[in-house]
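Remarks on the structure that follows.
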Amino acid sequence: MSRIEKAKGWKHSKPGLWLSIGTSAFGAISVVKDVRKAREESDALKLVNALVGAAALITGTALLVRELRRLGDDDVLLG
């Protein structure tokens with residue numbers, strides 16, 4: 001197996017999925033800052049943009065959690 005193939009497989013491993021979920025948590029901090037700034041400036045367009053970004057983060061995290069659960073289903077020790 002080449003290094004590239006190993007790297008691609010790591011993305012779908014448990015550590016890779018946990019890292020992606022953690023990265024999404026840092027993205028949530030940015031979204032919160034954007035929402036606060038948009039509300040302070042009373043800018044509806046910036047607020048909508050921040051809320052769409054939040055929805056994307058929530059959806060992405062849900063997909064990662066689902067993938068993590070599927071990996072757990074394959075584990076014999078988890079039952």
Tracing side-chain contacts under 4.5 Å among Ile, Leu, Val, Met, Phe, Trp and Tyr outward from I29 reaches F26
Tell me who clusters with V48, hydrophobic residues only, linked when side chains sit under 4.5 Å apart either directly or through other members.
-> V52
Name the atoms and distances for all side-chain donor-acceptor pairs under 3.5 Å in residues 55-63, with sequence neighbours left out.
unit_1 : atom_1 : unit_2 : atom_2 : d
T59    : OG1    : A55    : O      : 2.9
T61    : OG1    : L57    : O      : 2.8

Keeping to residues at least two apart or across chains, list the side-chain hydrogen bond (donor to acceptor under 3.5 Å, both in side chains) pairs with something in residues 22-31.
-> none
Nearest heavy-atom contact between L68 and K14 is CD1-CG, 3.9 Å
What is the minimum heavy-atom distance between E67 and L17, and which atoms define it?
-> CG-CD1, 3.7 Å
Between side-chain atoms of residues 33-47 and protein atoms elsewhere (two or more places apart, or another chain), which donor-acceptor pairs fall under 3.5 Å?
unit_1 : atom_1 : unit_2 : atom_2 : d
E41    : OE1    : K46    : NZ     : 3.1
D43    : OD1    : L45    : N      : 3.2
D43    : OD1    : K46    : N      : 3.3

